[in-house]
Amino acid sequence: MATAVLIANLQKSYGSIAAIKDISFVVEQGEIFGLLGPNGAGKTTTIRCLATLAKPDGGQVEVCGISAVDKPKAVRQRLGYVAQEVALDKMLTGRELLELQAALYHLPPVAAKERINSLLELLGLTDYAERKTGTYSGGLRKRLDLAAGLLHQPDILILDEPTVGLDIESRFIVWEFLGQLKAAGTTVLITSHYLEEIDALADRLAIIDQGVVIGSGSPAELKERVGGDRVTLQIKEFTPQEEAQQAKTMLESLAFVKSATINSTRGNSLNLVVERESDALRELEQSLTAKGWPIFSMAQSRPSLDDVYLAATGRTLMDAEMAAAGTRDLKAEKKQSMNRR
Amino acid sequence: MITQSPINKSLSPNSSFKKDVEPAASPLADFFQETFALTKRLFIQLQRRPSTLVAGVIQPFMWLLLFGALFANAPVGLFGEELNYGQFLAPGVIVFTAFSGALNAGLPVMFDREFGFLNRLLVAPLASRYSIVAASTIYIMALSFIQTAVIVAASAFLGAGLPNIAGLVAISLIVFLIVLGVTALSLGLAFALPGHIELIAVIFVTNLPLLFASTALAPLSFMAKWLQTVASLNPLTYAIEPIRYLYLHRDWGISTPVMDTPWISISFGIVLLILLAFDALVLLAIQPLLRRRFA
């Protein structure tokens, strides 16, 4: 497999803020590669460096072996870029926007016409092609933007948070379409802060946190690496704090339980990490019953990507989102996206 | 909703569009293609949202009508020779209209920046990003010529007379030169300033003061000494005065003195050179701004 995208020791600061401290990953040709991380982790900045919208402070950015810094035009030719915020000209019809896009990529007019028709068809946009994009719903806008990104049949399609703000049906349409793209041989690089999205779509991924890669590999590999199974246990629907604490102490004394934490946001339920090979549920049930504890619910599962993130950073992705939401300077970010460097 | 098919060839990567591996076969053809497409976009916008053009035609018409009426009873001869104020005013309104239109040229670009549409252009393998500048310039130029035509017609109707064909060509040339420089200035600002609020502020403080500090509304001899100096340095004056001369004289040539400053009188050829120098100066000044964004 040839390398489609190579990012090595990428660094990028805006003023005194280091958006990217050290990011490296490789995307192989033909795969769907995910960049997962909370908002503000540096995903979009990485993408901007790749799409030649921002100039890296240090490190390598290569597309098909071509440096994005030295030969930006050749790189642009190979990339399709679908930004997080869909910027369409609301006065143009869908078809007119695609015609403009085709001219910007220098498609010959006849070929452009065919491409536009086939992509409109493929994305279910034919009925909307002659309407102004100002009248489109969020899902339609995203699909038109996808069509625009694919007009010139790029080697690599970059999607920055493709399903943020989309309704469930549109999200499903986008997911399904990415599957078709992959089957057709187009490499896809997708960023997301939705675990399920990356888990469901990506062949491989890199998890980014605060400007560094904290893990990369296939979803299965990453989960394998954190090890153990997860058990969620509710003693009662809402367990009082001290009861949960007592149960925790008891459970931690069991040989096959590696760790136990109390999840106060979900009625003081207990999250256990147990050994993979153990017959955890049956043994837990026996131990609890023997000590006279009731069981409201109990479920065992393989670790999720969130557990991978938790193991690396000590917090869940959701907590990181919450923390980031409080400290982000959205105005500064907006400015950043307007300015090239 | 989406066509189901296991493998769709039209979704596969295709190298036939990637002529950029080698230096593009015809960068000039590419440049024309993208410039044409970007210009077309601006005209589609204009066609579906013609309010800019409508306002841009109504405003100078109001200037003509209201300023004309304001000085309607001024003593004949006050503005020189056998001139009524309407005749005096028309060249001023022509230049001022072209000037304010050009000064607004940066606004659409600024909105494209703010809405992220510019990023769509910047990630595309444009032959040269100057096509973005070229498209805006062509668009503003076309608007200015439409406006100029309307004002020339309206002032003829209001009794200012009509220059001959050579005079009209010369007027077009002067309008072209002033619009080119000011459009470039505005586009430079659109890339340099942080947002549209700042751009509008700059337009606001530039627009009317430059009008009043020119000979658009009153001749130099009416002005305070210091304002005469300012007006004689104002590029607008160098566009207004030759047009005014063309309106009043059928006989003129490249060496005909067409305007007076407090210091010297200047011939038509020199005026054109001064306007050219103004354009060259602005284009040079915005180079670093554009390169910073476009490199």
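Scope of the values below: all heavy atoms of this structure, side chains included, with no hydrogens, waters or symmetry mates. Sequence lines set the chain letters: A, B, ... in the order given, protein chains first and strands last, and positions in each chain run from 1. Quick caveat: nothing in here was measured; it's all calculated off a predicted structure.
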- request: Verify the neighbour count for atom CZ of B:Phe61: are there more than 12 heavy atoms of other residues, nucleotides or ligands below 6.0 Å?
  value: no
- prompt: Which bit of A:Thr186 is near chain B, if near means a heavy-atom gap under 4.5 Å: side chain, backbone, both or neither?
  reply: both
field: Interatomic distance, A:Leu100 atom CG to B:Leu121 atom CG [nearest 0.5 angstrom]
entry: 7.0 Å
task: List the steps, then state whether side-chain contact (heavy atoms from CB on, under 4.5 Å) holds for A:Thr93 with B:Arg48.
output: CA-CA 11 Å; A:Thr93 65; B:Arg48 299 199 180 142; 4.0 Å; yes
- request: Sort out for me which of A:Leu150, A:Val75, A:Val86, A:Asp89 touches chain B most, counting heavy-atom pairs under 4.5 Å.
  value: A:Asp89
message: Let's go through B:Val123 and A:Leu79 carefully: what are the C-alpha distance in whole Å and the side-chain angles of both, what is the deciding distance for side-chain contact (heavy atoms from CB on, under 4.5 Å) to 0.1 Å, and is it a yes or a no?
response: CA-CA 8 Å; B:Val123 297; A:Leu79 297 179; over 6 Å; no
- prompt: Can you find a pair of side-chain heavy atoms, one from A:Leu88 and one from B:Arg120, that are under 4.5 Å apart?
  reply: yes
query: Do other residues, nucleotides or ligands put more than 12 heavy atoms under 6.0 Å from A:Lys113 NZ?
result: no
- request: Answer yes or no: does atom CZ of B:Phe36 have more than 12 heavy-atom neighbours from other residues, nucleotides or ligands under 6.0 Å?
  value: no
statement: When the 4.5 angstrom heavy-atom criterion is applied to A:Ile156 and chain B, the contacting part is neither
field: Interatomic distance, A:Tyr81 atom OH to B:Asn119 atom CG [nearest 0.5 angstrom]
entry: 6.0 Å
message: Does atom CD1 (A:Ile168) have a neighbourhood of more than 12 heavy atoms from anything else shown, all under 6.0 Å?
response: no
- line: So NZ of A:Lys73 and CZ of B:Arg129: to nearest 0.5 Å the spacing works out to 9.0 Å
task: Could you tell me which portion of A:Glu85 (side chain, backbone, both or neither) has an atom closer than 4.5 angstrom to a non-hydrogen atom of chain B?
output: neither
task: Sort A:Glu114 into side chain, backbone, both or neither according to what part of it lies under 4.5 angstrom from a heavy atom of chain B.
output: neither
task: Return the minimal non-hydrogen interatomic distance between B:Pro13 and A:Asp155, and the atom names on each side.
output: CB-OD1, 3.4 Å
field: Nearest non-hydrogen partners of B:Ser12 and A:Ala184, listed with the distance
entry: OG-O, 2.7 Å
- prompt: Would the number of heavy atoms belonging to other residues, nucleotides or ligands and lying under 6.0 Å from CZ of A:Phe172 be above 12?
  reply: no
- line: Distance col, row A:Leu97:CG vs B:Arg41:CZ, nearest 0.5 angstrom, shows 8.5 Å
task: Ignoring hydrogens and angles, tell me if any N or O in the side chain of A:Arg76 forms a donor-acceptor pair with the backbone of B:Leu122 under 3.5 Å.
output: yes
query: Closest approach of A:Ala87 and B:Phe115, non-hydrogen atoms and distance?
result: CB-O, 3.1 Å
message: Which atoms of B:Leu126 are under 4.5 Å from chain A, going by heavy atoms: the side chain, the backbone, both sets, or neither?
response: both
statement: Max heavy-atom pairs within cutoff under 4.5 Å with chain B, candidates A:Gly149, A:Ala103, A:Ser118, A:Gly80, goes to A:Ala103
field: Side chain, backbone, both or neither of A:Lys90 within contact of chain B (heavy atoms, under 4.5 Å)
entry: side chain
Residue A:Ala51 versus chain B: region with a heavy atom under 4.5 Å: both
- prompt: Do B:Gln33 side-chain atoms and A:Leu107 backbone N/O form a donor-acceptor pair below 3.5 Å?
  reply: yes
- prompt: So do B:Leu38 and A:Leu104 actually touch side chain to side chain, heavy atoms under 4.5 Å?
  reply: yes
message: Working to the nearest 0.5 angstrom, can you tell me the gap between B:Phe31 CZ and A:His106 NE2?
response: 10.0 Å
